[in-house]
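These notes concern the structure reproduced below.
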Amino acid sequence: MRFRDLQAQYQALKPDIDAAMLKVAADCDFISGAQVTLLEEELAEYVGMKHCVTCANGTDALYMALMAWGIGEGDAVFVPDFTFFASGETAAHCGATPVFVDVDEDTFNIDAASLEKAVEKVIAEGGLTPRVVVAVDLFGLPADFDAVRKVADKYGLLVLEDAAQGFGGMINGRRACSFGDISATSFFPAKPLGCYGDGGAVFTDDDGIAELLRSIAVHGKGEMKYDNIRIGLNSRLDTIQAAILSVKLQALRNGELQAVNAAAEKYTELLDGVVSTPVIPDGFYSSWAQYTVRLESREERDRVQAELKEKGIPTMVYYPKPMHLQKAFDDAKNHDLDCGVTERLCGTVLSLPMHPYLKDEDIRTVAQALKEVL
Ligand SMILES: *Cc1c(COP(=O)(O)O)cnc(C)c1O
């Protein structure tokens, strides 16, 4: 059994993916080919945003958003404590100070009350200006953007949606990648919409910001490539990746999203009363980047993971360490904010095999094995 079966997906989509890749090889339009523009239009239309700017990876997507807003030294960027490193790394890379905020125990996403406390603390301490909240759609579930937006509006914060794992998710019919003032996603192979290498995209409704993002992605270009009006990056999505992504976006729309949701439902039904299963609030729809359960204690989690491995069932711990305890953020002090929920989650979470091609019998095997080891 595979944790995320990219081979099964390739076999299902092989004729279309092969044709798309071969066309790029034949055209030799490897950078900024027509497929890139086409994909940007398809992505913008799908998530319901005016602009999509593709780039080299999801980390750059976050970084470009912060650069476009001019975030830098003396700025506080609020980031959930329970997420992948890049959500906070990019703020630090800009020279800003990441401030780590605790998450909600049920949804794993940033907790609006903890966010408000963190902003108040930073204001009371002085020295930093609260500028941005990075709200992560962890494991495929959109963050509670109504609650986040209320706090953001109260304190004049910009909202950056980190939808690296959230692509395809929804709140009341509205798609992930449309909730931030800027939203960023990743096409890393194992994400809900993944390519065959690295890739990313940024979304916005703001014409000026979109133009800025396009400039930043290509060495701060002005009217043309050899007119450079700001310091930028070299961050483009390869044509071959765009071609693959168009095929995979179709597959995501035409059944993959439904398939992961059916798989999640099946897991939740079979694991009822066995472990704590993921909570999807009313009106929310997940794209199930991960199906993550919670065990009672670190000892139990580590034992269960080891025993499942012996039974041939791969699992992962996302994430073993809170952001505020990462050595790279040693200087960030974190303003004595309490992140007790994140600390508990890091010790008790376990992600089970999850992907659109997971078979019913595999789900039953995993559930049965979990019951046995517990
Ligand atoms: C994967 C991921 C990123 C970074 O994306 P890359 O394409 O790997 O650079 C950022 N944030 C979160 C939450 C992620 O899961």
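As the structure is a prediction and not an experimental result, all values here were calculated from the model. We count residues from 1, following the sequence as given. Indexing begins at 1, ligand by ligand and atom by atom, following the structure's order.
Between Ser87 and Thr83, the shortest heavy-atom contact is OG-OG1, 2.8 Å.
For ligand 1, one of its N or O atoms has an N or O atom of Gly58 under 3.5 Å away. Where the criterion is an N or O separation shorter than 3.5 Å, residue side chain and backbone included, Asp162 meets it with respect to ligand 1.
The part of Thr83 lying near ligand 1 is the side chain, judged by heavy-atom distances below 4.0 Å. Contacts between Asn57 and ligand 1 below 4.0 angstrom, taking non-hydrogen atoms only, involve backbone and side chain alike. In Val136, the part holding a heavy atom less than 4.0 Å from any atom of ligand 1 is the side chain.
Heavy-atom distances between Ser87 and ligand 1 reach below 4.0 Å in at least one pair.
A centroid separation of less than 6.0 Å is found between the aromatic rings of Phe329 and Phe85.
Residue-ligand proximity, Ser186 to ligand 1, at heavy-atom distances under 4.0 Å covers atoms 5 (O), 6 (P), 7 (O). Applying the 4.0 Å criterion to heavy atoms of Gln165 picks out, from ligand 1, the atoms 13 (C), 14 (C), 15 (O).
The main-chain N or O of Ala190 is found under 3.5 Å from a side-chain atom of Arg4 such that the two form a donor-acceptor pair. Formation of a donor-acceptor pair under 3.5 Å by the Asn109 side chain with backbone atoms of Leu141 is found in this model.
Nearest protein neighbour of atom 4 (C) of ligand 1, counting heavy atoms only, is Thr59 OG1, 3.5 Å. Nearest protein neighbour of atom 1 (C) of ligand 1, counting heavy atoms only, is Lys191 NZ, 1.5 Å.
Both Leu295 and Val274 belong to a common hydrophobic cluster when Ile, Leu, Val, Met, Phe, Trp and Tyr are linked at side-chain heavy-atom distances under 4.5 angstrom.
For the pair Lys23 and Asp27, the salt-bridge criterion is met [side-chain N within less than 4.0 Å of a carboxylate O].
Ring-plane geometry between Phe139 and Phe82 is classed as perpendicular, the angle between the planes exceeding 60 degrees on a 0 to 90 degree scale with a lower cut at 30.
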